[in-house]
2 protein chains.
Amino acid sequence: MVTLAEVARHAGVSASTVSYVLSGKRTISAPTRERVERSIQELGYHPNAGARALASSRSDIIALMMPLRTDMYVPVMMEIAMAVATTARAHGRDVLLLTDQEGPEAVRRVIGSGLADAMILMDVELEDERLPLVHEAPRPAVLIGLPADTEGLTCVDLDFTATGRLCVDHLATLGHRELAVIGEAAAVYERHTGFAERTITGVRERAAELGLRVLHRPCEGSFESVAGALARIFDERPATTGIVVQNESAVGPLLSLLRQQGKAVPEDISVVAICPDQVATQTSVALTSVAIPAHEMGRRAVELVMAKLSAGKGAGTGTAGRVAAPPRETVVRLLAPRLTTRASTGQAPRLVP
Amino acid sequence: MVTLAEVARHAGVSASTVSYVLSGKRTISAPTRERVERSIQELGYHPNAGARALASSRSDIIALMMPLRTDMYVPVMMEIAMAVATTARAHGRDVLLLTDQEGPEAVRRVIGSGLADAMILMDVELEDERLPLVHEAPRPAVLIGLPADTEGLTCVDLDFTATGRLCVDHLATLGHRELAVIGEAAAVYERHTGFAERTITGVRERAAELGLRVLHRPCEGSFESVAGALARIFDERPATTGIVVQNESAVGPLLSLLRQQGKAVPEDISVVAICPDQVATQTSVALTSVAIPAHEMGRRAVELVMAKLSAGKGAGTGTAGRVAAPPRETVVRLLAPRLTTRASTGQAPRLVP
DNA sequence: CTGAAAGCGCTAACAT
DNA sequence: ATGTTAGCGCTTTCAG
């Protein structure tokens with residue numbers, strides 16, 4: 001294994017010079033730099049990560065904690081993870097993959113050991129058990145999702161309330177007066193992930209402002225379940241003409257069922273989905289939709305982490321530990337929803353009484 | 001930050017004793033161990049990962065390289081990643097998340113720097129560019145997927161050939177004589193990922209042995225595309241009664257289309273899918289399917305890595321570098337497919353000429 | 001602009 | 001059963 005010392009000898013310089021060529025923290029004369037760089041090439045030198053972490057007390061690793069549960073928004077989770085990984089690399093950082101399986105303690109383990117310099121937590125619940133640990137951790141963290149109390153935290157999420165309002169606006173503009181929401185599985189609401197509730201809140205608020213009626217029915221992804229939800233909707237509100245779906249696995253079944261029941265989309269019923277574009281465009285009728293900006297969420301999370309890492313330079317590791325940490329800044333970055341009009345929404349049908 | 005030395009002082013023992021309590025590599029008397037453990041608790045000690053890696057030349061990290069592409073088998077990829085993460089933790093290892101975005105060089109970077117002790121590569125293609133680097137890397141690697149030449153490599157995958165044969169067997173037993181395969185997107189075949197071809201090979205082999213006819217049509221996931229494939233199938237072989245689908249995003253549209261065309265499943269047409277159970281059970285007709293054992297693939301990959309890490313103890317890092325590495329063992333672990341019969345397959349309809 | 005040298009916190013011989 | 005100690009490879013003062 002090639003060490004920095006060997007590179008130094010080979011290049012005829014001191015170890016520190018090689019180190020500074022690598023880090024760029026000191027001005028090095030062009031000829032020296034070139035000699036060193038050539039030696040690095042020729043010897044095939046790779047700086048040892050452990051030694052570097054030990055000496056600098058930075059691992060250049062960001063931990064990403066993902067939900068183990070694989071029942072919801074899988075493509076979105078995946079896209080966020082990939083965005084985090086690529087953005088982190090673009091900033092010279094690596095990503096450590098954690099799952100919530102290990103429990104909140106994982107935060108302490110990874111930060112305490114210096115394995116990671118910072119954390120990104122996905123799928124944050126309203127009263128997340130990891131929050132206490134995040135607060136006391138001496139390293140930055142960014143949450144994807146919005147807990148109930150964001151004081152002192154840094155969070156990124158889609159503005160789901162605005163998303164709900166936007167869907168209603170779109171349908172209202174097309175003349176729809178009776179709306180229904182096919183929501184997430186009941187378990188999602190019980191888990192208090194927040195985003196589902198926020199969507200409903202947005203829908204209700206805007207509907208109230210515009211004087212529209214709304215019916216909300218939770219729904220598992222299965223065909224059966226969608227059928228049930230749909231039946232109850234038309235049973236209770238036969239005049240429903242606009243549907244908002246927030247459950248990507250429900251969109252396929254929904255369109256099948258509507259067709260089966262002789263309801264044309266968008267002539268009889270308009271459908272707006274909250275789902276990835278890929279899902280929206282692969283259905284029999286291309287769906288008007290609000291996409292979850294997964295890539296941007298991942299990218300923003302990393303950028304916020306990087307900002308906090310630069311900011312906390314002098315403070316964080318500073319000197320001995322007993323100094324009270326300064327109260328942390330609260331940052332809540334809600335991404336604006338964007339609705340793409342496709343083939344599934346149209347003018348509300350004339351009432352034929 | 002609490003160090004091992006502080007723990008040692010607090011417990012009134014030497015540093016090495018603390019170290020050995022932690023690693024269990026030496027027998028420690030019960031009272032001493034308890035004292036040390038109490039000190040560790042009281043002081044809130046976490047061993048420093050960098051120092052440990054430097055001193056032991058092991059990071060206890062396994063790198064997992066995932067495809068960035070998010071167009072295929074996303075839930076499967078996700079499940080593999082989660083299985084790798086949890087299994088690795090169960091073995092006291094952490095997982096570093098890499099993407100193929102960085103290129104094959106990532107292998108060298110991560111291994112060369114000692115960041116990871118071993119690698120798991122997902123989505124391995126027949127002629128994968130990472131293979132040369134894997135061969136020359138001084139650390140173990142496990143591939144998920146099967147390259148063209150497996151010599152000296154360790155691979156895990158579903159036995160897709162057997163999967164193809166199994167699907168045909170199932171349909172043949174039910175009396176079907178004219179089969180069709182709705183395959184992966186053309187791009188998948190062009191990329192030479194291997195698994196898609198192997199499935200077709202298995203289907204063809206078994207069909208030939210049993211004297212059945214088979215038509216294979218690639219297919220994108222979209223509704224349009226499935227409609228096209230289906231149309232061509234019934235156009236060329238109107239007597240087709242059994243369909244094998246290897247494209248999870250095609251199953252929803254397929255069932256819709258069949259219903260729309262007045263073909264009952266399974267009375268007129270039997271459908272076997274190669275897809276996750278979750279997909280198979282959420283459709284309007286529960287699908288007879290062969291699941292891709294994603295969790296097991298991830299778990300096995302980690303177990304193979306662990307085995308190689310234990311095996312390569314003396315050899316790997318041993319002494320100076322110029323010693324020729326011994327030729328590596330070839331391990332190809334193909335998982336047997338299991339077919340679950342559900343509602344989408346049944347006796348072939350009687351011919352009504 | 002470059003060197004010398006003191007650690008960073010831990011592991012693993014080598015002692016006893 | 002435990003202690004002593006020499007590094008592991010790098011970063012970063014402190015000197016020039």
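Letters A, B, ... mirror the listed sequences (proteins, then strands); counts begin at 1. Just so it is clear, the model here is predicted, and its values are computed rather than measured.
- Dense packing is recorded around CD of E105(B), with more than 12 heavy atoms of other residues, nucleotides or ligands lying under 6.0 Å away.
- Salt bridge absent: R130(B) and D100(B) never bring a charged side-chain N and a carboxylate O closer than 4.0 Å.
- DNA chain D is contacted by both G12(B) and T3(A); G12(B) maps to the nucleotide lying nearer its 5′ end (nearest heavy atom per residue).
- We find that NE2 of H46(A) is positioned 16 Å from C1' of dC10(D), with the value rounded to whole Å.
- We find that CZ of R9(A) is positioned 13 Å from P of dA4(C), with the value rounded to whole Å.
- In this structure, of dA15(C), dC1(C), dT11(C), it is dA15(C) that holds the atom nearest to the side chain of R26(B).
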Q: Start with the C-alpha gap between E102(A) and R109(A), add the side-chain angles, then the distance that decides, and say whether salt bridge (charged side-chain N to carboxylate O under 4.0 Å, His left out) holds.
A: CA-CA 10 Å; E102(A) 212 182 324; R109(A) 180 178 72 82; 2.6 Å; yes
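- Atom-to-atom, CG of L115(B) to C1' of dC8(D) comes out at 16 Å; the value is rounded to the nearest Å.
- Here the P atom of nucleotide dC10(C) and the CG atom of D60(B) are 14 Å apart, to the nearest Å.
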Q) Given the rule in the side chain to side chain contact (heavy atoms under 4.5 Å, CB included) test, do I120(A) and V84(A) qualify, once you have shown the distances and angles that lead to the verdict? A) CA-CA 9 Å; I120(A) 294 175; V84(A) 167; 4.1 Å; yes
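- Between R93(A) and D60(A) a salt bridge is recorded (basic side-chain N to carboxylate O distance below 4.0 Å).
- Distance CG (L54(B)) to C1' (dG7(C)): 12 Å, rounded to an integer number of Å.
- Within a heavy-atom distance below 4.0 Å of DNA chain C, the residues of residues 14-25 of chain B found are S16(B), S19(B), Y20(B), K25(B).
- As rounded to whole Å, 15 Å separates atom P of dA1(D) from atom CD of E34(B).
- Contact check on R333(A) versus D157(A) returns no salt bridge, with no Lys/Arg side-chain nitrogen under 4.0 Å from an Asp/Glu carboxylate oxygen.
- Going from atom CD1 of I28(B) over to atom P of dT11(C) covers 13 Å, rounded to whole Å.
- Taking atom CD on E6(B) and atom C1' on dC8(C), their separation rounds to 13 Å, with Å as the unit.
- Of all non-hydrogen atoms in V36(A) and V7(A), the two that sit nearest each other are O-CG1, 4.3 Å.
- Proximity of S56(A) to the phosphate of dC10(D): no side-chain N or O atom is located under 4.0 Å from OP1 or OP2.
- Between S29(B) and dT2(D) there is a side-chain N or O to OP1 or OP2 distance below 4.0 Å.
- Taking the side chain of L4(A) as heavy atoms from C-beta on, and the options dC1(C), dG3(C), dT11(D), the nearest nucleotide is dT11(D).
- When distances are taken from the side chain of R52(B) to each of dA15(D), dT11(C), dG9(D), the shortest belongs to dT11(C).
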